Each structure stands twice: as structure tokens, then as C-alpha cells.
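To start, the structure under review is shown below, and the notes come after it.
Worth knowing before you read on, the calculation uses all heavy atoms, side chains too, and leaves out hydrogens, waters and symmetry mates. Just so it is clear, the structure is predicted and the values come from calculations on it, not from any experiment. Just so we're on the same page: letters track the sequence lines, and every chain starts at 1.
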Amino acid sequence: MTEQLAKAYDPQTVEAQVNALWASAPYFHPAPSDGAADCKAYTIVIPPPNVTAALHLGHALNNTLQDILIRFRRMQQFRTLWMPGTDHAGIATQTVVEKRILAEEGKRRTDFERDAFIGRVQAWKDEYEATIIGQLKAMGCSCDWQRTRFTMDDVCAKAVRANFFKLFKDGLIYRGKRLVNWDPATQTVLADDEVEHETVQGHFWYLRYPLATPVEVDGRQIDHVTVATTRPETMLGDTAIAMNPGDPRAAALVGQRVRLPIVGRLIPIIADEHVVLPNPESDDEKARFSTGFLKVTPAHDPDDWQIGQRHDLPIINVMAPDGSISDKYGWEDATEPEAQNLLGMDRFEAREAIVEWFRQEKLLEDVRDYAHEVGHSYRSHVPIEPYLSDQWYIAVKKPIEHLAEKFGAGLIEGTDVPANSLAGLALKPLVDGRLQFIPERYSKTYQNWLENLRDWPISRQLWWGHRIPIWSKAGRDAPLPDQCAGADAIQSISAESDEGPVTFVCPAPGHEDQEASLEAAGWIRDNDVLDTWFSSALWPFSTMGWPEETPELKTFYPGDVLCTAREIITLWVSRMVMMGQYCVGDIPFKDVYIHAMIQDGQGRKMSKSLGNGIDPLVAIDSHGADAMRFTLASMTTDTQDIRMPVAPMTLPDGREVNTSPKFDVGRNFCNKLWNASRFAMMNLEGFDPAGFDAARMDVTDRWILSRLAATQSEVTAALDAFKFSEPLSLLYRFFWNDLCDWYLEWAKFRMRDEAQKATAQNVLAFVLDRVLRLLHPFVPFITEGIYQKLSEVAPGRGLTGIAPADAAQALTVSQWPAGLDGQIDSDIEEEIRVVQETIRAVRDIRNKYNKASESLTASADAPEAMAQILNRHSQLVCQLALLESFQASQGAPKPNNAATTLVEETKLYVHDVIDREAELARLEKQKQEIERGKKATEGKLANENFVNRAKPEVVAQARERLEQFQEQLKAVEALLAELKD
RNA sequence: GGGCGAUUAGCUCAGUUGGCUAGAGCGCACGGAUCACACCCGUGAGGUCACAGGUUCGAGUCCUGUAUCGCCCACCA
């Protein structure tokens, strides 16, 4: 029989066949609507993976969940777009490429021309982009591959230029001289979010600064003040000593001057509230360590910068961009030999030298251990240097006049965020409930961040990225070339820089002629590139062709859901909402689903350095893509982390790799699905939809349809609520426990009976079809593979009068099951439950008495109603309990030599099987269990407060329960009595 | 320092708005080459729900506190 499925489930073969099928038609490539109002679209935009490396298991989880959502909606016949692509990931990618070039060729970035180096990064990008897309396809992601984008491709670049110009025109982009988080290793500025705080075991050094003139305080002459610092090397740039105005010594000291050691600079003592008063008893660590005197270094400390601004202090930068001590960047009085000696030293080297100098000069008063938080670069992991630098910023809390009408003006309630500022545009939808986080708790992260948002530094001292479209020329209001003179598209601002006033110009996008004329006239383009997140922020609409009003944008924007990890809620999610509102006028998605982070078996993050990561392709090789997806989805509840035990494995080709025994769960399920389907199809020979008559269905047919109906509506509701584990376990139970363990087992008998075969075949084909549909979002390959075969064997799978046939060419575009609610029948489900309990009881006795496969006879003494049910279905009991015959009646006598057990109130007799001791033990145990339950229920009902205050249905339930216990107890006692006779 | 979370069977986790004798998979024990599947079938054992208080007729679930673990955020005197 050619239609038969292969004997063993082979993921590789099925995955290849199915991928070919999906590629053969535009199943995942929706046409934009032609403006029809009733077109329901559903859009997910992929979080574009960085082209730094191949995807890891976290990506596999992320994309599995997106694919589940998108397939679910596609089957619900939405016009479904899953937009794929990759991110250029500025710093990260440039860093890996630099590292590789250094390792392989011994060359540094600066050994290349800019374009040549970018070419090298581009080559890396091409390689990894292909790898990533290949991985996504291997996982079964149903992305619209024809629309694949890259954050630096022409379409996205156009959006970047358009948005930059728009921001510039709105006066939101400005040149700021600021203390930035400078990474001396990569020599680039990091956003606050890119700084990792680590606890460092450091010291407080207590340094004495001599007063220019000794002063009398409380009758004592003092000739110095002592400052406590964790960063002695910055003292070279001190421009004041601050003390709290409330300090008793302040009256005598404020206004005095100290002579800065090493440098010889005279600096004032000033009063500032910021200074913490010393207090050795305080809980506040700073108060315990404080001397009351704070050295103020505006160029090298953010707090000191603030103090410097308040007191108009000079700003003296004593470091070069590489973190070495230098007099070339604003330090003009490095004339003393001691100061000269320090020039060129690395900052940490200089720290030691300076401390040593103070020690030698007897000016080092004390050194105390101090553990404190130090910001490190998330990229190079070296300590961040607060560094004074010219950077481009985006003003995030500045009201945007022309947006006041659409988005409102004034502060958002309870915040200092204007509704028509960029931060406000992102915050308001959350406050209004239009933007929703799942799980809800993550909305706090988003909200807190936006409420405390500071301006966004967007310059990056890199080559890989979108180059900043600003040209500059020295001088205030430098004249523009003629070609640009009349163009209203040009914005110009002037700013002070280290070299004096400069004029900046941002030509409108699409005016290459103006750019050329600017350069011809001696204007120079900014060397820096934009922060990666600048282009990522536009991803939901840049990919659809914004700023053009494309049909895609009209059809698929705003999108529906963003699915991502919690670590980029602030960096990315908030900025997409911000820019979506700002550029397109609407939020890019309504729901943000935040999934768990995958950890290893010990709760550690998976990482390259720990060697505990799992490559999705390895999992696909070892277990199959569906198995991996099944396992990942089944572990996705709304917890923050999921643990995935990691086990080493040797591949056939000898490679040592990591995989996880957890994937066995998914593989076993797929294997079961394959074999159950194979069995079903073996039994579908002669399948004829016309042979179905609903009136001829037996109780197992009606039962499985009832279970199916309940399952499909629960699964649908769960997916609507972004639950992944729950629908999968519902389906697992339905498929494995209901369908395979019971329905199929009973169907085996019916398939041999010509009178029943046609009905059983139709129901079986129908239920299998529906199971495949419901499982398809989770395990798309195997279900599609089986569906294709099933369509050959049993085309047109409907049930006349119950559900019309609605076969599709491919499962992936078939209708999502719905509309079986009328089949739910709780009476039938209860009857089958009783039958199952009875069968289990017989099997248990077989086990206990070692009568595995002998033919036996059984009977039961059951309450009248129960006896009727059991007799009606005695054949079902006999079939699966392997009984010759089974009869029930009220008051049926116990045969001699019968093993007995209790199924609820029913006394079950399995004939000619005896072991008195075992029997006694078992019945005693049953009795104890019943008594325990009975006692608990009695206790409840004896409590007046319970009877009076609990909900009536709960009390009624308890009463009914108690009656059952009493009946059961009576029955078990009777059995025990008989046994003891 | 602030915020968020976790703690339920040997392991990984479910447990809806408080309400039957707290569930699943794996693992374990026992039995099974039966004609879909040994990646399988059948049966079973296994839990003072981290700890201490409180609210309630009733708490794994709500509140307070403690302990342990994790993540995010925060200007390094």
C-alpha cells in the first residue's frame, strides 16, 4: 500500500519534504489588501537577530513562540504576515569582526580604509545572515521570506534618513558636551543601558590637600583638608573642594583655597548640599567613610559635573580617549615635573603612581577597603570612564509642538513626562491600556524606564552602522553652498566644540546633489554612526517601506504582537513604540509577550564562556525540529526563567556537542503521533465519507467527539491568552490519553466488524484531521507531513450533519477547528469515565495477582444506575480488560474465589483469582483512604460556620461527597467482612 | 540602594477568581516482545506545597515577616 507512512518517524526526511511543499506556494507571503475594509490582518515583526553569531536556544524559543502565534492566526484565516530579518548590531558585530581579523591576520581596524573595513564586516554579515535564515527555516518558522529585511539595507536606510531628518527638523537632535559612558577599550560611547554594574573590591584613599593659608577652626589651627576618594587618579582634574554648608567647619573654610598636590593648582573650597556629612555611626556607608570634604572633578565624575555646573567651575579633562593621562585634551597646567611624569600612563597605572606619591609625601592619611559598584562596558568589560565628549543626542522629554493636537500636551499624570514628547509618546499608550504586556508585571519595567528617561546619546564611534547624516564646517552660521541655499530641506544649528563654533547641516533624504555640493564646499560628514537601536526602533515600519505610504504599511501596520525577552524591554520595545507613534502615528503592536530566559540545569545563563549553550541545529539533528519546538513550547509558562538540563553528546561525526534530555519529551510525542497516524491510515482502507451516518455512532465515537470539542475550544482560548504550555498539555492529554489509549484501542475491534467499520473510519479520520490541525502551530512539520498522506488516503474528512469537510491543499493554510461545541456531552464523558475506572481496576487486579494475559471473568455489585451503565458498555469493559464476560447488577453475590475491589460504590469481582492476604491488605488500604476523606468532609460539615457561610453549592457538594464516602465505606467493609468469613 | 520574580514528588514544572482525597512529564518499582508505536503498553509507589505568623467556615492559592536563589534598574566621593 503506497499511501502507508514510513515505518519509523524520520524527522529529517519529513522536514525536508514539508519545507519543499511550503516553498512551492506563497503560503507565507500574504498580498497586501486592496483596501477592503473587512480584511483582517495579523502581523508579527521578528526581533531581528544580531548578525554577530548563529542563533542559540533562546532564539529557538523566541521564534518557536512567534511561529505558533502566526500559524494559529493564519489558520484562523487572518491575512498573516511574519516579517523576518536581521540586525546589523553595530558595536557587537564590529567587535567580533575586529577580533577575528586580529586573530587571523594580526591587523587592526585602523590598518584598513573605512570602506575596506566595512566590506569585511559586510562579508561577515552575509555569512551569518545566511546561517540565521537557514536556522529559522530549519526550525519551521513560517516567515514571509520574500520580504526579508536587514537593518542596513536600502529600504531600512531610507527610513533611518527620513526619521533622522524629521527629528532634526523638529529640533530634537542636539549636540551635547556631556559626560558620557566612555569605553576606553573600544573608544566609543555607551548608552546607560549598555553599562553593566559590577561590584568591585576597591579602596577609599584618604588624601590630604594643603590649605593655601592655614585656618583656625574651634581654636585649632588646621593646615589641610582630607578628601576620601575611590579614584585618586582623577585628582589631577580637581577644580574645587566641596563641603556641606551645614558642616560646623564650613563657616571657617568655605571661600578658602587649597593647593592641589602634584599639580600645584589653587582651587576653592565651596559649599554644596550634595556633600554627605561624616557620621561614623550612620547606616549610610557614605557617611561612615566621608571626611566632609569632597574633591570635585567635573570632567571625570557625573556628580561632580553637576556640582561644577552649579558653581560654574572650570572643567579640566586629564585623560586621552584611551584612558591614559594626557595634557592634550583640556589640561593646560601640567607643568610641574611630578605632573609631567604621569603623562601617558594608563588610568590604573596613574592611580598607583599617585597614591604612591601621596604616601611618599606623607599626605596619604588612610586607606580603607570599600566594595562598590563600578560600571563596565557590556562589550569590552572594562570599567567605564565618565568622559567629556561632543555627542549627538535626542531630546526625549522635549514637547513637540505639532504633535500636541494628536497626542495631547502637558504632563502625563503622575510623571514629569510631556504627553507630546518622545518619552510621552511611548508612555501614554501603556497608561491608556492600548499597549499591554504579557505577563502584566513587565509593564512596570517599561513604565519606570520611560518615567526616568534621560536624553538618548545616539553617536557611536564606529564604522559599522548608519553614518550620521550631518555635515559640519567651522564657524558660526557658516554659509551654505548655492545648491543648498534655497532648499528648505536643510536645517542648520551651530554649536561650540573643542575647536570653537561649528555649523551643522542635515540635508533632507534623497538630495545627494546637496551632499555633494556640501563636500565640494569643504563641509565634512560626521565620522560617527548611529546607535544600533536607532534603526531597530524603526523596524516595525521601516521594513514595510516607510516613509513611503506602501500597501504593506496600510495593510499590516500597526502590527499585533511583539514577542521578545525581558532584557530589551527598555532598549528596544520602548523605542519602537516611541518611533512608531512619532513616525507613523500609531503604536507598532498592541501586545508585548515577554518569554522566559533559558538557563542550564543549574540556573545559569547559557553562554559561550560557560560552554553550556545548546545549538538549535544540534537539537534539530538529534531530536527533530518538531521535538525541539514541542519541548520549548511545553516549558513556556509565565515564569521568568526556564531550566534546561544540558547533557553532552557525541554526534555520529564525532563532534562533542550539547543537547538536552528534555527534548526526548518532544521526540517521544512526535513518534507517538507518527505511529498513531500510521495505524489510523492502515485502517482507513475503503474510506467513504458517504458511509457516515451520525445516528450509527457508538458511545466511543460520541465520547471522542465530546473530548475533541472541549479540547479545541480550550486550546483556542489558551492561545488567545498567549499561553503555550497549557494548550500543548491539553492536546497531549487528548491525543495520547484519550485518542490513543482508549478510542483507538476500542476502534481496533470495530475495524474488524463490517457493520461498524464505516462509522469508525469516518470518526477516526475526522478526529485525526482535527488533531493535526490543532497541533500544527506547535509541531508543523510532522503534522503537515501526515496531513498530506491523510489527504491521499481519506480525502474529504467531514462528518455529515456535524462538521462539513473543508480540506485545504496544505495543513498550514487549513481552517482552524471551531464550532463543535454541540458535541460536548457530559453524560457520555461520565459513562466512559466509569468504564475506564472499571477497566483499570481489573487491570490492577491482574497485575497484583500476576494474571497478565489470562482470560478472566468479572461481575459487579453496583447501585442500580451504575449497573445499567456498566451493562450497557460491558463489551467495552471486556475488550480492554480482556474479560470473557462482565455483568453488573444491584446486590450481585460475590462468587467464591473472586478477587474483589471497590470502584467508587461498586464492588467489583474478578472470578477465580485469589490471594487472601494481598486482598486484605489492598482493601484495608482502600478503606483507610475512604475514611480519611470521610473524616475530612464530616469535619467540615460539623462546622456550623462552614454550613452557614460557605457558598451553598460548596456545602451541597460536600454533602454529596460525604454520602459517597459512606456508601464506599459500607461497600469496602462488606467486602472485608466477606473475606474474613 | 530600588524594583520584579522563584521556592509544590528524586528531577523539570502545572495548579485560573481561596472550595472534592494537590496534578503532569521524566526518573523509580513491578508486569509485558499483543498483529501502530519498547522513542512503546499496563499497573503502582512517591508530596508536613521553603519557614513563622495572620486573615477566613476553609489557604499551595490572600496579607505580613524570615531564609535561600535569580533577574532588572541605579551617579564609582
Could you pull out the protein-nucleic contacts involving nucleotides 16-20 of chain B (nitrogen or oxygen on both sides, under 3.5 Å)?
| residue | atom | partner | partner atom | Å |
| --- | --- | --- | --- | --- |
| B:C20 | O2' | A:R961 | NE | 2.8 |
| B:C20 | O2' | A:R961 | NH2 | 3.3 |
| B:C20 | O2 | A:R961 | NE | 3.3 |
| B:C20 | O2 | A:R961 | NH1 | 3.3 |

Sub-3.5 Å pairs of nitrogen or oxygen atoms, protein against nucleotides 8-14 of chain B:
| residue | atom | partner | partner atom | Å |
| --- | --- | --- | --- | --- |
| B:U12 | O2' | A:K662 | NZ | 3.3 |
| B:C13 | OP1 | A:R643 | N | 3.0 |
| B:A14 | OP1 | A:T637 | OG1 | 2.3 |

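Atom pair A:I845:CD1 and B:C30:C1' shows a separation of 17 Å (rounding to whole Å applied). Note: CH2 (A:W746) to P (B:A36) measures 18 Å, nearest angstrom. Here the P atom of nucleotide B:C73 and the CD atom of A:E567 are 9 Å apart, to the nearest Å. Taking atom CG on A:N683 and atom C1' on B:C35, their separation rounds to 11 Å, with Å as the unit. In this structure, the CG atom of A:L882 is 12 Å from the C1' atom of B:G32, given to the nearest Å. Rounded to whole angstrom, the span from the CG atom of A:N448 across to the P atom of B:A74 amounts to 11 Å. Rounded to an integer number of Å, the gap from A:I594 CD1 to B:G5 P is 14 Å.
One finds a salt bridge joining A:E385 and A:R231 here, because a Lys/Arg side-chain nitrogen approaches an Asp/Glu carboxylate oxygen to under 4.0 Å. In summary, A:E365 and A:R208 engage in a salt bridge, as defined by a charged side-chain N under 4.0 Å from a carboxylate O.
The side chain of A:K444 places an N or O atom within less than 4.0 Å of a non-bridging phosphate oxygen (OP1 or OP2) of B:C4.
No donor-acceptor distance shorter than 3.5 angstrom exists from the side chain of A:T711 to the backbone of A:F734, with no hydrogens or angles considered.
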For RNA chain B, what is the dot-bracket line, given that a base pair needs Watson-Crick (N1 to N3, plus N6-O4 or O6-N4) or G-U wobble (N1-O2 and O6-N3) geometry with both distances under 3.5 Å, and | means paired with another strand?
(((((((..((((.....[...)))).(((((.......))))).....(((((..]....))))))))))))....
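With sequence neighbours excluded, the residues satisfying ring pair (Phe, Tyr, Trp, His ring centres under 6.0 Å) with A:F669 are A:F630, A:Y732, A:F735. Residues meeting the ring pair (Phe, Tyr, Trp, His ring centres under 6.0 Å) test with A:Y849, sequence neighbours left out: none.
Partner of A:H203 under the side chain to side chain donor-acceptor pair (under 3.5 Å) criterion, out of A:T229, A:T230, A:D369, A:D366: A:D369 alone.
With distances taken from any side-chain atom of A:R441 to the nucleotides B:U21, B:A77, B:G5, the minimum falls on B:G5. Closest contact between the side chain of A:F204 and the listed nucleotides B:C37, B:C76, B:A77 involves B:A77.
If you check every strand for non-hydrogen atoms under 4.0 Å, A:E451 touches nothing.
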Sugar-phosphate means primed atoms, P, OP1 and OP2; the rest is base. With that split, encode nucleotides 38-50 of chain B 5' to 3' as B, S or - using protein heavy atoms under 4.0 Å.
-BSSBS-S-----
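For A:E830, the CD atom counts as densely surrounded, since its 6.0 Å shell holds more than 12 non-hydrogen atoms of other residues, nucleotides or ligands.
The heavy-atom pair separating A:Q761 from A:N683 by the smallest distance is NE2-O, 2.9 Å.
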